[in-house]
Amino acid sequence: MTFNDFNLHDDLLSGVEAMNYKQATPIQEQAIPKILAGKDLIACAQTGTGKTAAYLIPLLDRISHASHDHTSTLILVPTRELAKQIDDQVEGFAYFVSATSIAIYGGGKSENWDQQRRALTTGADIIIATPGRLIAHMQMGYVNFDKLDYLVLDEADKMLDMGFSDDILNIVRQLPAKRQTLLFSATMPNKIREFAKRILQEPDEIRLAVSKPAERVDQQFYLAFDRQKLPLLAHLMKQTAGVQSMVLFTSRKSNVNAIVRDLVRLGYGARGISSDSAQEDREVVLRDFKNKQFPILVATDVLSRGIDIDNLTHVVNFDIPRDAEDYIHRIGRTARAEATGTAITFISDQDQDRILRIERLLEHEVEKRAITEELGLGVAPVFNPKLYRGGGSRDKQRNKKGRRPGQPVQSAHAPKSLTSEAAPAQGDALPRGDKPVRSNKRRNKNRRPRPEKGDPVQPTGAPSAVQSPAGSETHP
DNA sequence: AAAAAAT
């Protein structure tokens, strides 16, 4: 199914084509007609499935047929970077439509506040906001949602996790009762269902295959104590033809700077991003990383969800994420669109429970390699097979194929061949010196329908077709 | 036990 099949407004279709969207993804195919029909909607879908376009395109279609004298759409998201990214995407889709949008989020310079205030006073068709800053503006009295038609809650499970429940209800209370509400969530626990009941009316429901990571992600697990992680990573990177674009996730923002420093000392171009960074730095660093200005971005889970980076070749889980779900989200940053990618995960001695939870979510085991000893880094942590047995009911999923559950454990001298049922691609794994890093065929060439405004930074020496995010925060 | 988000 292509976007021509949805009977979209011609001007919108021009923007969609200019963004190089042709074939609708499954969620787009399902969601677009329902949204166009005016139904409330609960959609269980991850980022990377084309979820954002699944709601932006039908909403922009409705908006392009309506008058532009009021704010018609409010989109709530968990992180600032996501708000900005969606705003950029609106800008692309709506280029030939006279719809305006603005991202509203905190943390920036005080000029940002004024800019946001002016935009909210003038009004924009679409507001994309993180809840806290929006409430701050709403309390000032100049935000007018009287004629709001559409409310989108994106990454709803994440927002609830982050304690935004009250803030969201507070905002929703100030919106017209007669509106169309769309809720997107990667998971659908009871908590979300209850929450949805309070905000949506007789919603349709779309459910896509549960959080399976893209099959094109080559997942590699390495056993390593904390002190072994950096030299192990250096070794793995040396084996590649050169790391082109890698996000390294750490679970503590306090680790970000130290890891950056270590990588720089090893000669790698690396920068860091976390909620501890100044907002200006967050934006510059992410923009420059997307523009391939430097190869390694060290990040907390602020970037685990939703952020699109073209041609990301590697994701490293320097630490295991606390939530198994976040593992799926993190590795989903790579192998987007048609690309392939590699996800390297370090497992320390404390991480066994978390790994079990991740594998339960993946519904398969992943080979755990131990190569620290052959690298002269000392013995690797032992992965205790008993944990695969002792767990009682939580191990029900395992052993479907009669495989012995304890098998992923291995000595440092037997790094290969373990429970490899789940990892067919592992033979071509990253630490093969003879295999060049994937070719990174560039997608979405000329994807943006017009030149950058603001102050786009072109990558030095890189072709200009590399997508860069918009340089300006607002375009009211 | 962490991160994120309003100042």
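This one's a predicted model, so the numbers in the text were calculated from it and none came from an experiment. The chains referred to below are lettered A, B, ... by the order of the sequence lines, with proteins before strands, and numbering in each begins at 1.
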Novice: Once you apply a heavy-atom cut-off of 4.0 Å, does A:R252 come out as touching a base, just sugar-phosphate, or nothing?
Specialist: sugar-phosphate

Novice: Contact boundaries of DNA chain B with chain A (under 4.0 Å, heavy atoms), 5' to 3'?
Specialist: B:dA1 to B:dT7

Novice: Would you please test A:D301 and A:R330 for side-chain contact (heavy atoms from CB on, under 4.5 Å) and show each step?
Specialist: CA-CA 8 Å; A:D301 282 313; A:R330 284 179 178 188; 2.7 Å; yes

Novice: Base, sugar-phosphate, or nothing for A:D167, non-hydrogen atoms under 4.0 angstrom?
Specialist: nothing

Novice: Give A:R282 one of three labels, base, sugar-phosphate or nothing, depending on what nucleic acid heavy atoms sit under 4.0 Å from its own.
Specialist: sugar-phosphate

Novice: Cationic tip of A:K368 within the cone over A:F383's six-membered ring, i.e. under 6.0 Å and within 45° of the normal?
Specialist: yes

Novice: For A:F184 and A:Y55, I'd like to know if the aromatic rings sit close, meaning centre-to-centre distance below 6.0 Å.
Specialist: yes

Novice: Of all heavy-atom pairs between A:L41 and A:E205, which one has the smallest distance, and what is that distance?
Specialist: CD1-N, 4.4 Å

Novice: Output yes when A:E280 and A:R282 qualify as a salt bridge under the 4.0 Å nitrogen-oxygen rule, no when they do not.
Specialist: no

Novice: Counting the atoms with a prime plus P, OP1 and OP2 as sugar-phosphate, which does A:G163 contact under 4.0 Å by heavy atoms, base, sugar-phosphate, or nothing?
Specialist: nothing

Novice: According to the interplanar angle, ranging from 0 to 90°, do the rings of A:F289 and A:F294 count as parallel (below 30°), tilted (30 to 60°) or perpendicular (above 60°)?
Specialist: tilted

